[in-house]
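Worksheet: the structure to be examined is printed underneath.
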Number of protein chains: 2
Amino acid sequence: MPKELDAKEKILEAAKGIFYKKGLGGARMAEIAEEAGINKAMLHYYFSSKEQLFETVFEEAFHKIIPSIISVLNSEKPIREKIEEIADFYITTLSANPQLPVFVLNAIQYDPERFLGKFMKNKQMSPQAFMGKLMQQFQQEIQEGKLPPVDPRHLIINLIGLSVFPFMMKPMLKIMMNMDDESFHDLMESRRELIPRFLLDT
Amino acid sequence: MPKELDAKEKILEAAKGIFYKKGLGGARMAEIAEEAGINKAMLHYYFSSKEQLFETVFEEAFHKIIPSIISVLNSEKPIREKIEEIADFYITTLSANPQLPVFVLNAIQYDPERFLGKFMKNKQMSPQAFMGKLMQQFQQEIQEGKLPPVDPRHLIINLIGLSVFPFMMKPMLKIMMNMDDESFHDLMESRRELIPRFLLDT
DNA sequence: GTCTATATGTTGATAGAC
DNA sequence: GTCTATCAACATATAGAC
């Protein structure tokens, strides 16, 4: 079944492009079909409804940017390495797809129950298990003098904010700071090392 | 004309609540009318179209979070004060309305031409005039030893990111870190002084 | 200024031939 | 699996009475 995968893949690719930009309400099924180079009816052959197609796209986007960092935070590496790895991960991922975070956060703002429910269902993200272990590691490394005495919650928030937010602001930053795509890219690249240094060398 | 202002105000209030959450495409005029406690026809009495109503709401939101900081950056104060003022401004503004940034950034992602055009039109935001003067001030204060030698572009990006991003992540952070509204609020309050210290004491 | 009723155009979804 | 043609529902917008 090469044809089948081909068509389904083309639909998903088109749906991503349009949903990322316009969201659930702003996207039109006809538009997606045209972009995919197929017929409107085909969409409903592979995906029962617009909502289901959207959820498929959302789920992929969500899993692309959230569980990865949870798993890093849950790993056995020292904090310093975790931070470097996460900044690196976001800069790589979002350089290839800057629209991702606004898309995901907008869906969550639209319907938190629905699009954040996938959160709690996931075992490894249970807040207690997850944050508890991490807090402990922080305390220990701080006591050992490996880390400056910082509030772990702020550190995590800062890390994600410093890594992700610039991509959300990309269109505005390009205008405000008079950058083209290349100089924006260079600026983001320089943050790979800047962010960890900035967070830890106090 | 108290009645008139009342109705128009009620419409705008309702429209804000619903557009903030659902965006242009996801919102329904009927929903806004109901929320405002008036009739669907009344919406078109005060606002010619859904698009025009949305643009009104967008413009207000946009001006609430962007020009204020531009004017601070353009002022004559020392960098240190500017930074404190901007962090303070965002934490106050977004504590009252955490949905604002996702709403604005989503509209821009939806149609950059349309919703970022208001940018270039504004005189004071002309990138050259604006960033040029600011860069100069940075250089001078760094030479005078008042500031650590940082790239001004990163500093501005970091400042805004650290101030704004946590509010965009609010629903997710509350779950991940097991916070209720009150402890989230406390955490944000503590950032008023944390952010400037973090940015400047290197 | 405010309402009810209605026109007009889209849109998501399906039926059914190939 | 893929298409054309079509339906039924809905949403924006307007007409017109009060």
Side-chain angles (χ1 to χ4, degrees), chain A residues 1-61 103 106-107 109-111 113-115, chain B residues 1-61 103 106-107 109-111 113-115:
Chain A
M1 60 311 198
K3 271 284 176 70
E4 179 178 336
L5 283 182
D6 254 23
K8 199 167 180 177
E9 219 36 62
K10 278 197 297 184
I11 291 172
L12 276 172
E13 219 43 48
K16 263 196 277 185
I18 290 175
F19 279 137
Y20 280 10
K21 189 168 179 186
K22 308 198 173 179
L24 175 57
R28 303 294 103 146
M29 291 297 265
E31 204 183 351
I32 295 173
E34 191 189 16
E35 175 83 13
I38 54 138
N39 195 276
K40 262 190 297 177
M42 287 300 295
L43 296 182
H44 291 90
Y45 179 79
Y46 288 108
F47 301 91
S48 57
S49 69
K50 183 188 185 184
E51 308 255 317
Q52 195 225 312
L53 176 55
F54 182 83
E55 282 185 20
T56 305
V57 170
F58 174 83
E59 207 142 341
E60 198 206 287
F103 167 71
N106 185 57
Q109 184 151 304
Y110 181 89
D111 190 341
E113 194 63 36
R114 190 168 166 202
F115 294 112
Chain B
M1 63 306 202
K3 271 284 176 70
E4 180 179 336
L5 282 181
D6 254 24
K8 198 167 180 176
E9 220 36 61
K10 277 197 297 183
I11 291 172
L12 276 171
E13 219 42 49
K16 262 195 278 187
I18 290 174
F19 279 137
Y20 281 9
K21 190 169 177 185
K22 307 197 174 180
L24 175 58
R28 303 294 107 161
M29 291 296 264
E31 205 182 352
I32 294 173
E34 191 189 15
E35 176 82 13
I38 54 138
N39 195 277
K40 261 188 296 177
M42 288 300 295
L43 297 181
H44 291 91
Y45 179 80
Y46 288 108
F47 301 91
S48 56
S49 69
K50 183 188 184 183
E51 306 256 316
Q52 196 225 312
L53 177 56
F54 182 82
E55 282 184 19
T56 306
V57 170
F58 174 82
E59 206 143 340
E60 199 206 286
F103 167 71
N106 185 55
Q109 184 152 304
Y110 181 88
D111 190 342
E113 194 63 36
R114 189 169 167 200
F115 295 112

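Protein chains get the first letters and strands the later ones, always in sequence-line order, with residue 1 at the start of each.
Atom-to-atom, CD1 of B/Ile18 to C1' of D/dT12 comes out at 15 Å; the value is rounded to the nearest Å. Rounding to whole angstrom units, CG of residue B/Leu43 and C1' of D/dT12 are separated by 10 Å. In this structure, CG of A/Leu53 is placed 15 Å from C1' of C/dT11, rounded to the nearest angstrom. If you take CE of A/Met42 and P of C/dC18, they are 18 Å apart, rounded to a whole angstrom. For the pair A/Ile38 CD1 and D/dT4 C1', the computed distance is 14 Å after rounding to whole Å. Atoms CD (A/Glu34) and P (C/dT11) sit 12 Å apart, rounded to a whole Å. As rounded to whole Å, 13 Å separates atom P of C/dG12 from atom CZ of A/Phe54. Atom pair A/Lys22:NZ and C/dT11:P shows a separation of 10 Å (rounding to whole Å applied).
Considering CD of A/Glu51 and CZ of A/Phe58, their distance stands at 13.0 Å, rounded to 0.5 Å.
Applying the ring pair (Phe, Tyr, Trp, His ring centres under 6.0 Å) rule to B/Phe103 yields the partners B/Tyr20, B/Phe54; only residues at least two apart in sequence or on another chain are considered.
A 4.5 Å side-chain heavy-atom check between B/Leu24 and B/Asp111 finds every atom pair outside the cut-off.
The side chain to side chain donor-acceptor pair (under 3.5 Å) analysis of residues 22-39 of chain B, with sequence neighbours excluded, yields the pairs B/Lys22-B/Glu31.
Using a cut-off of 4.0 Å between Lys/Arg side-chain N and Asp/Glu carboxylate O, B/Lys10 and B/Glu13 are scored as not salt-bridged.
Counting any heavy atom pair closer than 4.0 Å across all strands shown, B/Ala27 reaches sugar-phosphate atoms only and no base atom.
Residue B/Tyr45 places none of its side-chain N or O atoms closer than 4.0 Å to OP1 or OP2 of D/dT14.
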Which protein N or O atoms sit under 3.5 Å from an N or O of nucleotides 13-17 of chain C?
from, atom 1, to, atom 2, distance (Å)
C/dA13, OP2, A/His44, NE2, 3.1
C/dA13, OP2, A/Lys50, N, 2.7
C/dA13, O5', A/His44, NE2, 3.4

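A cation-pi arrangement is found for A/Lys8 relative to A/Phe47, the charged atom lying closer than 6.0 Å to the ring centre and inside a 45° cone about the ring normal.
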